[in-house]
**Student:** 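Dropping the structure in here first, questions after.
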Amino acid sequence: QVQLVESGGGLVQAGGSLRLSCAASGRTLSSASMGWFRQAPGKEREFVATISWSGTTDYADYVKGRFTTSRDYAKNTVYLQMNSLKPEDTAVYFCAHRKPLTTVVRGANGYDYWGQGTQVTVSS
């Protein structure tokens with residue numbers, strides 16, 4: 001099984017920044033695509049960003065120009081750098097391992113393993 005451990009969440013003022021980390025272990029391959037999702041209270045889980053095996057990235061419109069995802073193959077870790085944070089970015093952020101043989105990129109059903117989530121709170 002794939003295990004994902006997230007860290008880096010916390011409290012930050014609007015306009016500030018945070019970097020989230022997702023350390024992977026288990027049966028995951030370095031070639032697997034990884035995604036970031038978030039879920040605010042009372043809302044459904046939504047897509048944030050993804051990074052492919054080759055390093056190609058894709059972002060939700062609401063984070064383009066503010067968030068950047070990257071990966072360090074040597075450390076088996078994926079990162080989400082979040083800049084210019086807004087109060088509406090407040091949510092639990094999850095990293096996820098994409099299913100093999102799927103074309104689903106932005107839907108949660110395209111991912112088979114998930115981290116425990118890390119809380120990001122942006123104050124006004």
Side-chain angles (χ1 to χ4, degrees):
Q1 293 184 325
V2 176
Q3 293 177 300
L4 305 174
V5 179
E6 300 154 353
S7 61
L11 175 64
V12 65
Q13 292 184 333
S17 63
L18 286 171
R19 189 178 75 158
L20 306 184
S21 299
C22 174
S25 62
R27 301 182 186 276
T28 186
L29 299 175
S30 62
S31 59
S33 294
M34 299 291 293
W36 289 96
F37 291 78
R38 69 187 188 185
Q39 188 167 21
K43 298 182 179 179
E44 66 181 5
R45 193 165 297 184
E46 64 180 358
F47 170 79
V48 176
T50 189
I51 183 166
S52 74
W53 66 271
S54 63
T56 301
T57 56
D58 187 40
Y59 300 93
D61 288 343
Y62 57 83
V63 304
K64 286 183 178 178
R66 299 191 298 124
F67 291 9
T68 302
T69 187
S70 61
R71 65 195 305 169
D72 186 329
Y73 293 98
K75 296 181 179 180
N76 206 22
T77 300
V78 181
Y79 302 96
L80 182 67
Q81 178 67 46
M82 305 185 294
N83 299 322
S84 301
L85 284 162
K86 305 174 182 179
E88 51 263 44
D89 293 320
T90 295
V92 177
Y93 283 71
F94 301 87
C95 67
H97 176 275
R98 191 180 177 193
K99 294 178 180 178
L101 303 177
T102 182
T103 59
V104 178
V105 176
R106 298 189 171 205
N109 62 332
Y111 298 80
D112 54 2
Y113 296 98
W114 297 78
Q116 81 285 356
T118 186
Q119 177 70 47
V120 172
T121 302
V122 184
S123 63
S124 301

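When reading the values below, keep in mind they use all heavy atoms of this one structure, side chains included, and skip hydrogens, waters and symmetry mates.
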**Student:** Tyr62 versus Lys86: any side-chain heavy-atom pair under 4.5 Å?
**Tutor:** no

**Student:** Would you check if the distance from the ring center of Phe67 to the ring center of Trp36 is below 6.0 Å?
**Tutor:** no

**Student:** Are Tyr59 and Leu85 linked, directly or through intermediate hydrophobic residues, by side-chain heavy-atom contacts shorter than 4.5 Å (ILVMFWY only)?
**Tutor:** yes

**Student:** Please round to the nearest 0.5 Å and tell me the distance separating atom OH of Tyr111 and atom NZ of Lys99.
**Tutor:** 11.0 Å

**Student:** Counting neighbours of CD on Glu44 that are heavy atoms of other residues, nucleotides or ligands and sit closer than 6.0 Å, is the number greater than 12?
**Tutor:** no

**Student:** Taking atom OH of Tyr79 and atom OG1 of Thr68, what is their separation to the nearest 0.5 Å?
**Tutor:**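 Atom-to-atom, Tyr79:OH and Thr68:OG1 are 14.5 Å apart.
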
**Student:** Output, in order, the C-alpha distance, side-chain angles, deciding distance and verdict of side chain to side chain contact (heavy atoms under 4.5 Å, CB included) for Gln119 and Thr90.
**Tutor:** CA-CA 8 Å; Gln119 177 70 47; Thr90 295; 4.0 Å; yes

**Student:** Side-chain heavy atoms under 4.5 angstrom apart, residues restricted to Ile, Leu, Val, Met, Phe, Trp, Tyr: same cluster for Val105 and Phe94?
**Tutor:** yes

**Student:** Within the structure provided, determine whether Tyr93 and Met82 are in side-chain contact (heavy-atom separation under 4.5 Å).
**Tutor:** yes

**Student:** Is there a path of hydrophobic side-chain contacts, each under 4.5 Å between heavy atoms of I/L/V/M/F/W/Y residues, joining Phe47 to Ile51?
**Tutor:** no

**Student:** Are the side chains of Thr50 and Thr69 in contact, using a 4.5 Å heavy-atom criterion?
**Tutor:** no

**Student:** Nearest 0.5 Å please: distance from the OG1 atom of Thr77 over to the CE atom of Met34.
**Tutor:**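 Separation between the atoms: 9.5 Å.
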
**Student:** Return a table of donor-acceptor pairs under 3.5 angstrom between the side chains of residues 5-21 and protein atoms on other chains or two or more places apart.
**Tutor:**
from: Glu6; atom 1: OE1; to: Gly117; atom 2: N; distance (Å): 2.5
from: Glu6; atom 1: OE1; to: Thr118; atom 2: N; distance (Å): 3.4
from: Glu6; atom 1: OE2; to: Cys95; atom 2: N; distance (Å): 2.2

**Student:** Look up atom CZ in Arg71 and atom OG in Ser52, then write down how far apart they are to the nearest 0.5 Å.
**Tutor:** 7.5 Å

**Student:** Testing Val92, Val48, Leu80, Val120 for side chain to side chain contact (heavy atoms under 4.5 Å, CB included) with Arg38, which one passes?
**Tutor:**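 The passing option is Val48.
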
**Student:** Testing Arg106, Arg98, Lys64 for salt bridge (charged side-chain N to carboxylate O under 4.0 Å, His left out) with Asp58, which one passes?
**Tutor:** Arg106

